[in-house]
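Working notes for the structure below.
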Amino acid sequence: MQRRSVLKLGSLGLMSGFFTNSLIGANTKNLIGFEQIAISTDDDFKVAKGYSAKVLVKWSDPIFSHAKKFDESKNIDDDYVKNANFVFGDDADGQKYFAINGSKEGLLVTNNEYVNPELMFNHNGKNMSANDIKYQQNSLGITILNIKRDGSNFYKYKIDS
């Protein structure tokens with residue numbers, strides 16, 4: 001048996017042991033201080049018992065005071081294309097927090113990696129116009145928000161920061 005084969009088999013064995021234990025309930029122990037959340041396929045936001053969560057920012061929320069409110073009709077004209085530069089982008093997947101004053105205030109840098117045309121447009125991403133393409137492009141990139149804890153210990157972002 002070659003060395004690479006032994007390494008591959010060893011790695012496979014370790015991974016299968018880990019996943020098998022996870023699937024058969026070994027993770028039901030209270031390992032990190034909170035009760036686990038049951039596996040679910042529904043579309044509800046779930047938080048461990050004793051904890052709470054609140055949305056900080058979502059797609060199309062204004063990050064500048066001159067940004068226009070989200071247009072539920074999703075009519076993408078030139079103004080709407082420009083407005084995508086002044087609202088929170090789509091599909092935030094990577095984030096990094098840079099503290100300014102300890103943990104009470106900082107910069108949240110978010111990668112808006114890709115878009116979901118089937119949600120962005122009334123036509124579900126079919127028959128894309130030039131404005132639709134520009135709108136998608138302006139919904140991508142990096143968003144930097146100045147965030148600060150409020151009196152209820154949740155963070156809020158500062159408009160125009």
Side-chain angles (χ1 to χ4, degrees), residues 8 11-12 15-16 18-19 22-23 27 32-161:
K8 284 179 188 176
S11 297
L12 258 169
M15 286 190 330
S16 66
F18 172 77
F19 288 115
S22 296
L23 292 173
N27 64 344
I32 55 176
F34 58 86
E35 188 178 316
Q36 74 178 9
I37 300 169
I39 295 172
S40 173
T41 58
D42 63 21
D43 200 23
D44 291 334
F45 188 77
K46 298 191 180 355
V47 181
K49 188 176 178 179
Y51 290 81
S52 57
K54 186 176 174 183
V55 174
L56 174 67
V57 63
K58 63 187 179 307
W59 170 54
S60 80
D61 278 350
I63 57 177
F64 292 98
S65 54
H66 63 277
K68 295 178 182 171
K69 215 172 180 170
F70 182 68
D71 180 6
E72 291 291 337
S73 67
K74 301 179 184 176
N75 294 318
I76 310 300
D77 59 13
D78 288 338
D79 288 336
Y80 205 58
V81 167
K82 290 176 195 163
N83 194 60
N85 290 304
F86 309 119
V87 298
F88 192 75
D90 200 14
D91 285 303
D93 72 330
Q95 296 182 340
K96 176 69 177 169
Y97 175 76
F98 298 93
I100 294 175
N101 294 324
S103 63
K104 299 222 183 268
E105 183 178 6
L107 297 178
L108 182 66
V109 180
T110 303
N111 176 24
N112 302 111
E113 182 179 22
Y114 63 95
V115 295
N116 290 295
E118 67 278 6
L119 301 175
M120 294 179 113
F121 307 108
N122 289 330
H123 53 67
N124 300 323
K126 299 176 175 115
N127 303 318
M128 301 289 280
S129 70
N131 273 344
D132 293 342
I133 301 298
K134 291 175 195 172
Y135 176 69
Q136 288 182 103
Q137 290 172 331
N138 290 350
S139 296
L140 300 170
I142 302 292
T143 303
I144 302 172
L145 297 173
N146 183 289
I147 61 175
K148 189 173 184 177
R149 281 193 194 186
D150 63 13
S152 61
N153 213 23
F154 283 100
Y155 283 95
K156 289 188 177 182
Y157 70 96
K158 296 179 184 179
I159 297 280
D160 296 323
S161 64

*Given side-chain contact (heavy atoms from CB on, under 4.5 Å), test Asp71 with Asn83 step by step and report yes or no.*
CA-CA 11 Å; Asp71 180 6; Asn83 194 60; over 6 Å; no

*Passes side-chain contact (heavy atoms from CB on, under 4.5 Å), Tyr97 versus Ile147? Steps please.*
CA-CA 9 Å; Tyr97 175 76; Ile147 61 175; 3.8 Å; yes

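Put simply, the side chain of Asn111 reaches to within 4.5 Å of the side chain of Ile142, judged on heavy atoms. The closest side-chain heavy-atom distance from Phe45 to Val55 is not below 4.5 Å. Counting heavy atoms from C-beta on, the side chains of Thr110 and Phe88 come closer than 4.5 Å. Taking 4.5 Å as the limit, every side-chain heavy atom of Val57 sits out of range of all side-chain heavy atoms of Leu108.
Here the CE atom belonging to Met128 is positioned 4.0 Å from the CD1 atom belonging to Ile133, to the nearest 0.5 angstrom. Rounding to the nearest 0.5 angstrom, the gap separating the CD1 atom in Ile63 from the NZ atom in Lys158 is 15.0 Å. Separating the CG atom in Asn112 from the OG1 atom in Thr143 is a distance of 3.5 Å, to the nearest 0.5 Å. One distance of note links CG of Asp77 with CG of Asn131; it measures 7.0 Å at 0.5 Å rounding.
Counting only N and O atoms by type, the side chains of Ser139 and Asp90 include no donor and acceptor under 3.5 Å apart.
Closest of all the heavy-atom pairs between Asn124 and Glu118 is OD1-O, 3.2 Å. Shortest non-hydrogen contact noted between Lys134 and Val81 is CB-CG1, 3.6 Å. Minimum heavy-atom separation, Val87 to Ala67: CG1-CB, 4.0 Å. In terms of heavy atoms, Val47 sits closest to Ser52 at CG1-N, 3.8 Å.
Remark: Lys156 is not positioned above the aromatic ring of Phe154, lacking an NZ or CZ atom under 6.0 angstrom from the ring centre and at most 45 degrees off the axis.
Heavy atoms from other residues, nucleotides or ligands lying under 6.0 Å from CG of Asn127 number 12 at most.
Using a 30° and 60° split on the angle between ring planes, Phe70 and Tyr80 fall in the tilted class, from 30° to 60°. Ring geometry for Phe121 versus His123: interplanar angle under 30°, hence parallel rather than tilted (30 to 60°).
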